[in-house]
Amino acid sequence: MSNVTLKVNGKSHTLDIDASTPLLYILRNDLGLRGPRFGCGLGQCGACTVIINGVATRSCITPVSTVKSEVTTLEGIAKNGKLHPVQQAWIDEQVPQCGFCQNGQIMTAKALLDKNTNPTDTQIREAMAKTLCRCFTYYRVQLAIKRAARAIASLGSNRSKEVVA
Amino acid sequence: MSGANSNPTRSASAIARSLKEGRSHQKTNAFTNIPKQVEEVLEKWNTATSRRNFLKSSGLLVVSFSAAPLVSTAAAEAAAAAQAAGGPYPDPDFHQLDSWIVIHEDNTAAFYVGKTDLGQGTGTAFRQMMSDELDIPFDKTTCIMGTTNLTVDQGGSGGSDAIQVDGWPMRRVAAEARRILLDMASKRFGVPVDDLTVNDGVITVKADPTKKITYGELIGGKKFNVALTAANNNIDNTTGVAKVKPVQQLNMVGKSPQRDDIPRKVDGSGTWAVDVKLPGMVHARNVKPPVAGAKLISIDESSVRNIPGLVKVVSKGNYVAVVCEREEHAIQAARQLKVNWEKPATAAFPTSDDLFKFMRNATPTSKRQPNVVGNPDAALASAAKVVEAEYEMPFQGHTAISPAHALADPSNGQMTIYSNDMKSYGLRNGVSQFLEIPRDRVRVIWMDGPQAYGRTAADDAGFEAAFLAKEIGRPVRVQWMRNEETAWDTKGPAFTFKVRGALDTQGNLVALDFNARAADYNHLGYNEADTVLIAQLMGRRRAMPAPGNSDIPSDMYAIPNRRMVAEVVSLPTIWETPLRTGNLRDPNGPQVTFAAESFIDEMAAAAEADPLQFRMKLLNASTTDDNGFRRARSIAVLKTAAETFGWDTRPSPKRPGNGTILPGRGVAYTYRGQTVLAVIAEVEVNRKTGHVWVKRLVCAHDCGLIINPEALRRSVEGGMLHSLSRALYEEVKFDGEKVTSVDWITHPTLTHLDAPAKIDVLLVNGDPNPNRPDLPHYGAGEASLKPTIAAVANAIYDATGVRLRRVPFRNARVLEALKAAGV
Ligand code: FES
Ligand code: FES
């Protein structure tokens, strides 16, 4: 056991924990977060995805000792009580069925859009390829990503208009 | 998509969760827009019941009185009576209106229904139907579902019957509540009911609109005290005196308010069955036998002595589990525990490569009475052309995105199970029997979870958690690992088919001889105390294993001579085996329709006819229909699908060109119960790699009266893609002693790369009298899985001229078939 300091969604936590523990269990069981979920524990499905340094990261195979930067979870992407455009697009498009995988879908899509605000269909498919859904919402997820991209673009242009004004 | 920014359905789990978690430090619902009054009741409830109190009383008893406005009053009263007489969790009485509907002082209503919502939006649909009958605004309603001591026992989910069957009593009881309220207002104002109008929960005297009163003012916080009747004591027949409204007077039904469970699934605020934490809770993991039928000889407990926080190694018969304070340690302990197993002397089953040969050679354990029309043998003997084909479908699993899990709390002589099991009532009954705890001391709180399209391992995990909790005397959370889930979850049965068909000289299909054989002996029911996995491993056996099922095609084709045989065969090992079958999203429909509708295509090709016109001709060859008008509606869906797709009439196959990508299209049609549908798939087959991409899917779908079109569309899309995953990828592999499909590499599934570029779901009303006021609502949760595999196989044939008769159509198999045919 050792003291590990973790910054998650803007807050710092110090925990007395075995440093080899996968990040997922600490987020869920010690910090009480519910966005990232256990799906396979093997890095194959994406249900446990969090964002670290802008990268969609599978927390089930990430030992907490290797986490050096802030961790963002699904709970941390809304800002000032306003849903992230990706989350809003998910509601507008009514994406989830059971919803269990949707943490992975949303966080992977957000990481994609953070880097590439206007991805092509192929780029979307490839970025999302390893994020599995057993209710098979893929078609709606892809529509929602395009919807979110449009929303982000219009937010951007509004902002630049404001700046000009 | 239009729609109100709706209020969430408060599942009973939501109530329980707010109890458990002290909402003060958790802004769980910043975006879900819970009605303020519900918030307030929850807050009151929370402060009135400290966590310690809650644990002491283990739940609803103390709580139900301090939170009377939210809990169905009949349930609360029943609980009070039972506390005196017996256990804390008696059944809410479905003969009491108060068990179904509670109206609050602020003119809002809560509906208590015995169903579960697996992510298709049924909870939202129930609110639409019930608010329409009650005449209260949709956004002033909430719906509590599937908690065994709070909601009447409608059996949870299954069989796509939520809307088709259970929707009726819900509509009728809501209509009855409206009738009672009108009666009360009539007495209050001293005018006949006919002189009153009701709108949005406000009753007004027609002649004097200043005289009005809200439902909340009439009865808020009080009981209806109205008895309902139910013929044969069957909850599905529950009714009052009032009649339901004609379709034309329904307002929310047919609209698409957004599903109320989606915000919490998108913003991370929901609490799922995997999330519940109780003070003192420990984590368990199973240690499964390494091969089917292995016998436990000994356990070396010293092998896990170094694991921190080890609570106990539990074993009984061949069931073994480890329990630790922390989850990651339980996982480590389960991996590390040294167990000495003895392998059985003979192979448990054939290998997956030998399965179909084994099945064809086996003697059936049961056979349905053959379904015979005309004289198929004579017709086949005298036919101008006879076609024969054999088809094969492997075992396919549920393979949920999350492994099975449950949490059980054994405090104070009761047992509470937090579970996503779609049949929470069955789980309650089964656990009560299994652990010999009186039924009224067991409750199941149904919560959100991963997909549960049938009999999943959620049943098994619920029993395991309860057993371990009873053993240890602390709340136990059990979760399976990925390899257990993929290997040991229940499977949809494998099938072999033998089909013969005969054409006359004009190319008419005059005979069909269809034989379906399923490896389904000892098919598991739901939550049975003598067939759940833990019971099997402990050595329980039922005297008569379930005979299992096979099935025959569902079509309205007029074929003058037919024989249809459905038989079941058994694998050598039927107990303690990972190849255990259970219902998987329309248990046999996708398999049987794959063979049936592939074969109709083969007959069309033999007749050199367009496959869609060939089907139309078979539907038009008769003029009689059944009372659900399935023949007329079949024609309507085929027509609609063809028009939307832009079907070009010509026989299949298309002559493959010289390019790498070979395009093609295929159709399939069927019904499930009263729901009729046609699917057209457009594919691109890569000649060099064998890869199949289904570029477009069109589904024309007639399920009668539609409650929420947008939610329905998505459910149909999900069903078609589930079936596409089964068509292209899914197959459970095994050697002679164990399942070797254990993760997402060894058990591939559909991914984002396979998503069609376009999906059209066309909602058809093909009823000959489409505006009839009593148009029924049929089930829609599973039908779209049935025709999709055949539509894809038919499209591949159209593209390449190669007929694939063995599922799944993975690249290697397709490529091999293309090569063999010289394509
Ligand atoms: S749970 Fe981490 S990738 Fe599956
Ligand atoms: S929505 Fe159920 S697994 Fe993706």
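Letters A, B, ... are given to chains in the order of the sequence lines, protein chains preceding strands, and every chain is numbered from 1.
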Could you state the interatomic distance from CZ (A:F38) to OG (B:S402), rounded to the nearest 0.5 Å?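 Going from the CZ atom of A:F38 to the OG atom of B:S402 covers 8.0 Å.
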Roughly how far apart are B:M481 CE and A:C40 SG, rounded to 0.5 Å? 9.0 Å
Chain A shares the most heavy-atom pairs under 4.5 Å, among B:G718, B:P450, B:G121, with B:P450
Side chains of A:N29 and B:E327 only: does a donor on one sit below 3.5 Å from an acceptor on the other? yes
Taking atom types as modelled, is there a side-chain donor on A:Q97 or B:Q120 under 3.5 Å from an acceptor on the other?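 Side-chain D/A pair, A:Q97 to B:Q120: present.
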Shortest non-hydrogen contact between A:Q87 and B:V266, atoms and distance: NE2-O, 3.0 Å
For A:A129 and B:T751 the tightest heavy-atom approach is O-CB, 3.4 Å
SB check B:R713 A:E93 (cutoff 4.0 Å):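 Answer for the salt bridge query: no.
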Pair A:D18 + B:R326: basic N to acidic O under 4.0 Å: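 Judged by the 4.0 Å cut-off on N to carboxylate O distance, A:D18 and B:R326 do not form a salt bridge.
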Measure distances from A:L132 to the heavy atoms of chain B and classify the residue's part below 4.5 Å as side chain, backbone, both or neither.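 Both parts, backbone and side chain.
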Decide yes or no on side chain to side chain donor-acceptor pair (under 3.5 Å) for A:R34 and B:T271, but give the supporting numbers first. CA-CA 7 Å; A:R34 292 167 293 181; B:T271 303; 2.2 Å; yes
Checking B:I331 against chain A: side chain, backbone, both or neither under 4.5 Å from a heavy atom?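 Just its side chain gets close to chain A.
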In terms of heavy-atom proximity below 4.5 Å to chain A, should B:H398 be classed as side chain, backbone, both, or neither? backbone
Option among A:E126, A:K130, A:Q142 that satisfies the side-chain contact (heavy atoms from CB on, under 4.5 Å) test with B:H752: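 Of all the options given, the one that passes is A:Q142.
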Short question: side chain of A:R134, backbone of B:Q451 - any donor-acceptor pair under 3.5 Å? no
